[in-house]
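Everything on this sheet refers to the single structure shown next.
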Amino acid sequence: MDANGALLRWYRPRRAAYPWRTGAPDPYRTLVSEVMLQQTQAPRVAAALGPFLARFPSIAALAAAPRSDVVRAWGALGYNRRAARLHEAARVTVRYHAGRLPPDPAQLQVLPGVGPYTASAVASIAFGVPVAAVDTNVRRVAARFLFGANPEGVDRTQLREAIDRWLHRREPGTWNQAVMDLGRLVCRPAPRCDVCPLAAGCRFRASSRPRPRARSQPAFRGSWRELRGAIVRLLRSRPSATLSSLAGRTGRALHDVAAAVRALDRDGLVRAGPAALAGRPSGRLRLADEPRSGIVPTGTS
DNA sequence: TTCCCGTTGG
DNA sequence: CCAACTGGAA
């Protein structure tokens, strides 16, 4: 059963579907796209990546830019802290890795905003390092195909080891992207086994287990997240704003706006003056131009 | 309304 | 372990 052969054949025509897969893999482009893809659907990233890379063509250019430019270029991708962390990751790379992203996943994972998934994705896609980039799509595909169960029903370590064995060691980057595509498009929570290239050897097919999945999530309307997002959005199109104007435009209480502003300041997205931090209506803030505190080295080069 | 589903921090 | 983080698509 050459499952990987069927998988790669299925993937080949799909490869050109997204801009971050075209041409030779570039570590910087891979990092930017993978960070953008954290929690954000591929079609939206596809639209945002080009303009971002045009504005910041290299990791050095990104590192040299003011943070406010980076947050503006981030656009409406959401989770603006990712933009701040990516900016910081670029600065760390310039400072401690001479502007070159390291191929070693363990070193990549030290960068702000780069966790186990993103480190493996960059290492495998940009450098050909044989590591599996395990996101929930990959987990779902592997649990079903190899164990005939949904991922909740499989021991984490066993699943991890099985994925490592399954990984195509000659083409880890292509394999990772193929499995992720398969999980997103075919082996979805409600699987479409009729069009799946792995159906032949799959242990899950026909077992048709109903999936439990509940995972309720907090309401977005009226949340802090919504307020934080609205404040950053308003600041993107103006140099500065007062607490009271923000309260007026968002329709939220002044002390709520002040609390959100303090959190944004802590995250390095916004720079608030003392009056704004104190919650005064006339207090002013703007998008941050610099990280809130300097780079804190945690490793050596 | 619900779903999306990685990283960080508590 | 769990909650916070955003905004759009299904």
Side-chain angles (χ1 to χ4, degrees), chain A residues 30-48 70-89 92 105-106 108-125 131-143 150-152 156 160 176-177 179-185 187-192 211-236 250 252 256 259-270 287 291-293 296 298:
Chain A
T30 305
L31 176 68
V32 173
S33 61
E34 287 302 332
V35 170
M36 286 183 168
L37 284 163
Q38 295 167 0
Q39 305 287 281
T40 302
Q41 296 92 325
R44 291 175 55 203
V45 173
V70 180
V71 173
R72 289 197 170 93
W74 194 249
L77 281 172
Y79 292 105
N80 298 304
R81 287 196 300 195
R82 290 181 299 168
R85 292 188 178 132
L86 180 61
H87 185 216
E88 192 65 6
V92 170
L108 287 166
Q109 206 178 321
V110 173
L111 300 174
V114 177
Y117 163 77
T118 306
S120 305
V122 172
S124 62
I125 295 169
V131 288
V134 183
D135 70 347
T136 56
N137 291 307
V138 174
R139 246 188 295 279
R140 188 172 54 245
V141 171
N150 278 310
E152 308 81 40
R156 309 271 305 189
R160 175 75 226 191
N176 279 323
Q177 298 184 87
V179 180
M180 286 188 271
D181 266 24
L182 190 70
R184 205 163 44 77
L185 301 168
C187 196
R188 309 154 65 110
R192 302 182 177 175
R211 68 192 196 95
R213 268 304 144 100
R215 186 55 106 172
S216 68
Q217 58 190 355
F220 180 64
R221 269 292 293 271
S223 67
W224 288 108
R225 297 152 85 142
E226 182 186 42
L227 179 55
R228 286 174 54 119
I231 292 170
V232 171
R233 189 175 346 101
L234 287 166
L235 251 24
R236 270 200 270 259
T250 59
R252 306 279 285 255
D256 282 354
V261 163
R262 276 187 286 268
L264 288 166
D265 186 276
R266 261 198 307 280
D267 286 340
L269 284 165
V270 140
L287 251 24
R292 197 172 174 289
S293 47
V296 181
T298 49

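Chain naming here is simple, since letters A, B, ... match the order of the sequence lines and numbering starts at 1 in each. Small disclaimer: the values here were computed from a predicted structure and weren't measured.
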Pairwise P distance for C:dT6 and B:dG10, with rounding to whole Å: 16 Å
Integer-rounded Å distance: B:dT7 C1' and A:L86 CG: 13 Å
Atom pair distance, as rounded to whole Å: CG in A:L227 and P in C:dC5: 10 Å
Residues A:D265 and A:R262 bridged, charged N to O under 4.0 Å: no
Within-4.5 Å side-chain heavy-atom neighbours: A:I231 and A:V261: yes
Given DNA chain C, 5'-ward residue of the pair A:R228 and A:R156, judged by closest heavy atom: A:R156
Atom-pair distance (OH on A:Y79; P on C:dA3), nearest Å: 14 Å
A:R82 side chain near B:dG6 phosphate (N/O to OP1/OP2, under 4.0 Å): no
Distance, rounded to the nearest Å, where A:F220 contributes CZ and B:dC5 contributes P: 18 Å
Residue A:N137, side-chain heavy atoms: nucleotide from B:dC5, B:dT7, C:dG7 that is nearest: B:dC5
Of residues 36-48 of chain A, the positions that come close to DNA chain B - non-hydrogen atoms, cut-off under 4.0 Å: A:Q38, A:Q39, A:Q41
N or O in side chain of A:N80 less than 4.0 angstrom from C:dC5 OP1/OP2: no
Between B:dT7 (P) and A:H87 (NE2): distance, integer Å: 21 Å
Check: A:R236 and A:N80 side chains under 4.5 Å, non-hydrogen atoms: yes
Shortest non-hydrogen contact from A:S33 toward A:V45: O-CG1, 4.3 Å
Length of the CD-P vector between A:Q109 and B:dT7, whole Å: 8 Å
A:V134 and A:S120, any side-chain heavy atoms less than 4.5 Å apart: no
Side-chain heavy atoms of A:L234 within contact of A:T250, under 4.5 Å: yes
Euclidean distance, atom CZ of residue A:R221 to atom P of C:dT6 [Å, nearest integer]: 18 Å
Rounded distance (Å) that lies between atom P of C:dG7 and atom CZ of A:R81: 13 Å
Contact check, side chains of A:W74 and A:V232, non-hydrogen atoms, under 4.5 Å: no
Sugar-phosphate only, base, or nothing, as touched by A:Y117 at under 4.0 Å among non-hydrogen atoms: sugar-phosphate
Sugar-phosphate, base or nothing in reach of A:V35, heavy atoms under 4.0 Å: nothing
Sugar-phosphate, base or nothing in reach of A:T118, heavy atoms under 4.0 Å: sugar-phosphate
Inter-nucleotide C1' distance (B:dT8, C:dG8), Å rounded: 23 Å
